[in-house]
Amino acid sequence: MNFCSQCGAPLTRRVPPGDTHPRDVCDHCGTIHYENPKVVVGCLPLWENQLLLCRRGIEPRVGFWTLPAGFMENDETTAQGAARETLEEACAQVEIGALQALVNIPHINQVHLFYRGQLQSAAHGAGEESLETALFQETDIPWDDLAFRSVRFAMECYYADLRRGTFQVHTLDLGPL
Ligand SMILES: [Zn+2]
C-alpha cells in the first residue's frame with residue numbers, strides 16, 4: 001500500500017510506538033493500516049457416498065480439482081461463507097455441518113477452514129470460476145490432480161474419520177514447499 005485509503009497521503013512503513021510489527025502508517029491523518037491474515041472458507045459437499053469437487057477455471061492452479069472454497073466476506077459467518085462458495089462455484093445447495101479441518105498457512109497469511117456439508121440434492125454445475133463439477137466416489141477421486149495441500153488434507157481427514165467411524169476437527173500448519 002502506497003497511499004492512505006482514508007486521506008490519500010503517502011504512507012510510511014514503520015513500527016508504531018508500542019507495537020511489534022511494521023505497519024503502513026499515515027503521518028497526515030494518523031491512520032495505521034493493519035494487515036491481518038485472510039480466512040478461506042470451504043466445505044466437503046456430500047451426497048450419499050459421493051463428494052462434490054470443482055475443477056478450477058481460474059488461476060492459481062487452473063485445471064486442478066478442489067473443494068468449493070474462497071475468501072470469507074464481511075457480514076457473514078464462516079459456515080455461511082462455505083455455503084455461499086459452494087453455491088457460487090458448484091451451483092449446489094448445501095447444509096453446512098461440523099468443522100472438519102483448520103489449516104494455518106502463515107507464509108501466505110491465510111487460514112483455511114473446511115466444513116462437512118450435506119448437499120440438498122444431487123444438482124450441481126460449474127459456476128463462474130469452475131470448468132466443471134463432479135460427484136466422486138472415494139475410489140474415483142483424482143488425488144494426483146488436487147489444487148491445494150489444504151484441500152487434500154481436509155479430504156484425507158474426512159475419509160480417515162469416515163473409516164474410523166468418528167469425526168473430529170483436524171489441524172495442520174503448512175509451510176512453503
Ligand atoms: Zn491518512
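One-based numbering, in listed order, for ligands and for the atoms of each.
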In residues 138-145, what donor-acceptor pairs under 3.5 Å come from side-chain atoms, sequence neighbours left out?
| unit_1 | atom_1 | unit_2 | atom_2 | d |
| --- | --- | --- | --- | --- |
| Glu138 | OE1 | Arg163 | NH1 | 3.4 |
| Glu138 | OE2 | Arg163 | NH1 | 2.8 |

Tracing side-chain links under 4.5 Å among I, L, V, M, F, W and Y, which residues wind up in one group with Leu131? none

Can you list everything that forms a salt bridge (Lys or Arg N to Asp or Glu O under 4.0 Å) with Arg23? Sequence neighbours excluded, please. Asp19

Tally, protein N/O/S atoms nearer to the Zn ion (ligand 1) than 2.8 Å: 4

Counting the benzene-type ring for Trp, do Tyr158 and Phe167 have ring centres under 6.0 Å apart? yes

Evaluate the side-chain proximity of Leu172 to Arg149: yes if any heavy-atom separation is below 4.5 Å, no if none is. no

If the test is side chain to side chain contact (heavy atoms under 4.5 Å, CB included), which one of Thr86, Leu44, Leu53, Val94 qualifies with Pro68? Thr86

